[in-house]
Each structure stands twice: as C-alpha cells, then as structure tokens.
Amino acid sequence: MYLIPIPAFSDNYLWLLHDGKRALVVDPGDAEPVLRALAQNSLQLESILVTHHHADHTGGIAALREACGAKVHGPATERIPQPFSPLRGGDTAHVLGLDFQIIDVPGHTAGHIAYYTSNMNGKPLLFCGDTLFSGGCGRLFEGTPAQMLASLDKLAALPASTVVCCAHEYTLSNLRFALAVEPGNADLATYQSRCERLRKDGLPTLPTSIAQELLINPFLRTRQPTIMAAARRFDASAHDDNTVFAAIRQWKNQS
Ligand SMILES: [Zn+2]
C-alpha cells in the first residue's frame with residue numbers, strides 16, 4: 001500500500017491510500033488535486049472517508065463521487081453531502097481490503113470520528129482529521145475541553161508505532177507554542193530542527209506517530225508536572241486534568 005499526502009488550499013493534506021489500482025481518500029476538501037493524483041497514478045477511487053463536516057474536508061466529495069462513483073463513509077451525526085454510509089464509534093468500515101475501526105473523537109466538532117486500522121504495511125494507521133496535529137490539537141469549535149481531552153486520551157492509547165495522518169501542516173507553529181510551554185524538553189528541540197529541515201526542503205512533516213507525539217505534544221502531555229506548572233502560570237485556577245488542558249488550549253488560542 002502507498003500513502004500520499006496531497007497538499008490542498010494553504011495547509012491541508014488530503015490523504016490518499018492506494019494499492020497500485022484502487023484508492024481511498026480522506027477528507028477531500030477539493031476534488032481537483034485528488035483527480036490529478038488519481039490520473040497520474042492510474043488509480044480508481046473506491047472510497048472517500050470523512051472525519052467531520054468542515055468545508056475544507058468535504059468540499060470535493062460531490063465532484064469526486066460524480067467523477068469516480070466512489071462510496072462515501074462519514075460521521076453519522078454530522079451534516080456531510082448525502083448519500084453516505086454513516087459511522088459511529090465502535091463500527092468497522094471495510095475499505096480497500098482493510099478494516100478501519102471507528103473512534104468517536106468529539107471536541108473540534110461534536111460528531112468528529114477517526115479511522116484506525118491495526119495493520120497497513122505492518123504498522124497501525126490513523127486518520128484523525130482535525131483532532132490531533134503534530135505538536136497540537138484542533139480548536140474546540142463544538143466541544144468542551146473535557147471532551148477533547150477524552151478524545152485525545154483515546155488516540156494516545158493507540159500503539160506507539162501508529163502512523164498518524166493529520167489533516168493540516170500546522171507543525172512548525174505548533175512547535176513554537178510547545179516550546180513556550182515546555183522550554184526544557186530536549187525531544188521537542190530535536191524534533192523542531194528536523195521539521196524545519198523538512199519544510200525548508202518543501203516536504204511534509206507528516207505523518208507523525210503516537211510515540212513522537214507523546215514526547216513533544218503539549219496536549220498529550222497535560223499530566224506532566226512541567227506542563228501542569230506552565231498551565232498554572234497562565235491560569236492560576238487550573239487544578240485538575242480538564243482545567244489544565246483547558247488552560248493550555250486557551251493559551252494556544254491567544255498565542
Ligand atoms: Zn475542521
């Protein structure tokens with residue numbers, strides 16, 4: 001199987017997974033770059049996986065369905081272009097010979113889902129939309145900090161080797177914030193240098209892995225004493241898991 005991040009808009013990635021003949025695409029906000037990639041690689045688009053309803057994740061669905069007859073899978077409780085096969089946490093979607101487990105990850109939107117498969121080329125694979133980014137997490141448009149923390153906890157509990165496909169190239173700005181929260185984190189400084197080199201060469205910093213994010217992502221590290229102390233410097237009332245997470249998220253919004 002081949003995994004390709006197709007750049008779209010200013011900082012989206014539309015993830016394409018294919019076996020040389022058949023393909024799936026995740027969150028096609030735009031049809032044009034997907035159709036180009038399909039033509040370049042002589043691929044048939046079989047399925048479209050959707051994580052949440054935002055236009056930069058759904059804008060290309062209708063045109064791709066029209067052009068390729070692809071079957072659409074999406075979150076049961078969100079409004080995305082009909083018809084689609086509705087999925088909820090605990091469901092399994094069989095796509096391209098893979099079984100994707102559906103994980104409910106509310107927070108960025110109320111019905112946001114993630115797609116996880118335990119073996120793609122020997123490694124687990126996650127499509128997490130706008131829930132988890134490298135060095136960051138999605139903004140809380142429709143959910144509470146407690147919901148987002150619970151969602152991120154589910155993703156953090158996946159195998160460390162999980163290949164994590166995020167929907168935006170936000171890594172460098174996330175890492176600048178992460179270093180403000182945790183200036184003494186040596187893994188963070190190393191990772192920032194690596195990501196800066198990649199971007200300088202015009203390459204994506206993604207996919208990332210759960211192991212990498214556990215080392216550097218402040219939103220997966222809110223129970224670390226350094227992060228709890230930093231949260232309290234921003235908001236003295238931060239005192240438990242949810243309020244520490246909320247303080248870090250609020251700090252990021254203002255940074
Ligand atoms: Zn979004």
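Because only heavy atoms are used, hydrogens play no part in the values below, and waters and symmetry mates are left out as well, while side chains stay in. Order of appearance sets the numbers: ligands from 1, and atoms from 1 within every ligand.
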In a table with atom names and distances, give each donor-acceptor pair under 3.5 Å that connects a side chain of residues 88-99 to protein atoms at least two apart or in another chain.
| residue | atom | partner | partner atom | Å |
| --- | --- | --- | --- | --- |
| D91 | OD2 | R88 | N | 2.8 |
| H94 | ND1 | D99 | OD1 | 2.4 |

On a heavy-atom basis, the closest approach of A178 and P218 is CB-CD, 3.7 Å
F141, CZ atom: more than 12 neighbouring heavy atoms under 6.0 Å = yes
Determine whether the aromatic ring centres of H168 and F133 lie less than 6.0 Å apart.
-> yes
Given atoms ND1 of H54 and NE2 of H52, what angle do they subtend at the Zn ion (ligand 1), to the nearest 10 degrees?
-> 90°
N/O/S of D56 less than 2.8 Å from the Zn ion (ligand 1)?
-> no
Taking both backbone and side-chain atoms into account, decide whether H108 has an N/O/S atom under 2.8 Å from the Zn ion (ligand 1).
-> yes
In D130, the N, O or S atom nearest to the Zn ion (ligand 1) is which?
-> OD2
